[in-house]
Protein chains: 2
Amino acid sequence: MNTYKSIEGGVCAAKGFKASGIYCGIKENPTQKNDIAMVVSDVMCNAAGVYTQNKVKGAPVIVTKDNLKRSGGKAQAVIVNSKNANTCNADGEDKAREMCVLTANALGIKPEEVIVASTGVIGQILPIEPIRKAVPVLAEKLSYDGNIEAATAIMTTDTIKKEYAVEFDIGGVKCTVGGMAKGSGMIHPNMATTLNFITTDCNISSEMVQKALSEIVKITYNCLSIDGDQSTNDTCVLMANGLAGNAEISSEGGDFDIFKDALYQVMANLTRMLAKDGEGATKLLTCVCSGAPDLDTAIIVAKSVIGSSLFKCAMFGSDANWGRILCAIGYADADFDINKTDVDLASAKGRIAVCRNGSGVEFSEDEAKVILTEDEIEIYIDLNIGNASATAWGCDLTYDYVKINGDYRS
Amino acid sequence: MNTYKSIEGGVCAAKGFKASGIYCGIKENPTQKNDIAMVVSDVMCNAAGVYTQNKVKGAPVIVTKDNLKRSGGKAQAVIVNSKNANTCNADGEDKAREMCVLTANALGIKPEEVIVASTGVIGQILPIEPIRKAVPVLAEKLSYDGNIEAATAIMTTDTIKKEYAVEFDIGGVKCTVGGMAKGSGMIHPNMATTLNFITTDCNISSEMVQKALSEIVKITYNCLSIDGDQSTNDTCVLMANGLAGNAEISSEGGDFDIFKDALYQVMANLTRMLAKDGEGATKLLTCVCSGAPDLDTAIIVAKSVIGSSLFKCAMFGSDANWGRILCAIGYADADFDINKTDVDLASAKGRIAVCRNGSGVEFSEDEAKVILTEDEIEIYIDLNIGNASATAWGCDLTYDYVKINGDYRS
């Protein structure tokens, strides 16, 4: 059994990755919170990406996909800003490409080796002048412990920065996977979510980087829903620079599985952080669907519950209104027998059965209240048909979600 | 051009329909608001229904479908309670059937000629004793102007009763269609929504009753979303008793189209009322998608916008954050070119263009604020591809939605 050790360092945890983040004034901001970040590898990386499936795609999404295609899956740097999504602007692609050129020139690499991303308000013209000034400064400030400056720069309505990293062992060689993420609203990924940058020093082929990322995105970011809104700018990239020095992973097998497990740990933990920091959230909701006939069914059912506005409100009120859970299971677009379904509610304070074979069972409302008053709640669904299971992450729906989104642009 | 005259009378507007509603105490309620209703036709009706597609089906849904099947599409009475959905209970079907037997006995008809419905909390045992006592009283109190008592009895978190009726003319004979509806939360119909009872004295065959209902449900109730949650108890029934005396409508053609237009007016107005009275709503949102290649695309796009939590919050805040509209159009599961899409915002105070060809256009924020501060907002989307159009109805997402649903059961 391989062991995975959680470590500090986020996107800089893996060998040979530097980062920086500064305030450049994309939008006036008296607190001068960082709004632009750079991540750079000392050497060229095998890189893979997954992106939003929204028909409205942010200009940076279009440019990054095109860059990775032109470079043959190679990348060495990331440039990313917050406060403006550079989406639905007639000049968006030109500006996203200019961000790549600026970064490439500052670093002495090619523009197509740059990953570009933006997050913030849709449909406002991106002010490029502050970015022109910022890029050389970012390049100047790059450091092996710049991860926190970078993680802070990509935050929008996030209340905490999101970083995670693990160390593990492949063939006696120490490897590291780490990453940073942002996202708090407009989160209902169908490919990736919001912005996620994962770095690793593991030596792994281009093909296997993409395969690992796609598989793990499906069971982590794609199982997250804050509000059902699929962003136009969702981007998740994985950069592998090979500096750990392990024998290259170029096919499926034991080493690939070890790498995927490490990637899962980083991405599942970032997903959990994203859910917990959902806009206005007071509670993290984790829904585990087991006993499913296949993985897709388990995912669809778990996500349906996590996405129910009524259920999310009930959790905000610590109300054991399990009928809403069953309702959301019932409208999930999957094939199973609702009359075999069991549901339990749990938290650090205990676990109770609320539904067996699709019907309610008696339970203590007092006990339920104690369990649901915690800030991390688990919902266990057993379809009692097969052996597949999946986890989905979300949060409660609160007054503050409405407040934050009633006037986001101001 | 046929004229349709809006009239009073709701579910009793059409000839030969009586109704009643009383408080029977299904749940303790100091205000003694009506919680059970009956609707009865003087003569047998051709009846049709559409129901929830949720796998979790309320026991009354199962029993009503079965009854209409056994009776060959005939029905003469409706019995309906609020405060308890009779759903996810092991004894639910037995109790729903007993409600039919009680009603049949009180009226001297067959149990399978009774339509039964329930709405309220899921997963709590339905107390049958109050209903046993109430049914004879309801039969006793039936009257040709009992529509308001009945419409009040089916309300749950509704703040206003919902009734609508129109008079029209078929072959020189005056006909009437009227109805009542309830629903405020857990509304995202996929077949019908919540509870809707439509009555008509028009003489129309069983087959054409079902055909008209299915067609009109698709472009009215099924284009309504309050919160994305599809109820377990959605039921919409149409009862036609033929007492107007027109020549029977037994095929498609001019008379059938006139009838469908009348049905559309009743159901579209009830849908609009349901949207406006959405849980916690302060604004009615009406989204019209035109220029679509086909009806289904128009419906999918209009519903996607109406269902976006972020857009709904923006409307609550009177914030012209049109990027969220474009985002929701972009994740709609339909095929069109987002780069041809235009969006306008409007209300009684005016209309402004916010997006042309998928990109933002300059507009006055002050003017937008004036328009969006109204309590009825229209969103016009033109896909600029074809000639199909559809309307979807919804409401804003507010603090009160969260409040109402944070502790619904108390």
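These numbers come from the heavy atoms of this one structure, side chains and all, not from hydrogens, waters or symmetry mates. So you know, we letter chains A, B, ... as the sequences are listed, proteins then strands, and number each from 1.
When all heavy atoms of B:Y399 and A:V402 are compared, the closest pair comes out as N-CG1, 3.7 Å.
Here the side chains of B:I122 and A:L326 are not in contact, with every heavy-atom distance at 4.5 Å or above.
Interface summary for chain B: among A:S359, A:G123, A:G360, the most heavy-atom pairs under 4.5 angstrom belong to A:S359. Between chain B and the residues A:N339, A:D337, A:T398, A:D396, the largest count of heavy-atom pairs under 4.5 Å involves A:T398. When each of B:N357, B:T341, B:I338 is checked for heavy-atom pairs under 4.5 Å with chain A, B:I338 comes out on top.
Residues meeting the side-chain hydrogen bond (donor to acceptor under 3.5 Å, both in side chains) test with B:D375, sequence neighbours left out: none. Under the side-chain hydrogen bond (donor to acceptor under 3.5 Å, both in side chains) criterion, B:K283 pairs with B:S318, sequence neighbours left out.
A:Q124 contributes atom CD, which lies 8.0 Å from atom CG of B:N321 (distance to the nearest 0.5 angstrom). Between B:D333 atom CG and A:K55 atom NZ the span is 7.0 Å, to the nearest 0.5 Å.
Heavy atoms closer than 4.5 Å to chain A are found nowhere in B:A85, neither backbone nor side chain.
Partner of B:C327 under the side chain to side chain contact (heavy atoms under 4.5 Å, CB included) criterion, out of A:T87, A:V56, A:N233, A:N54: A:N54 alone.
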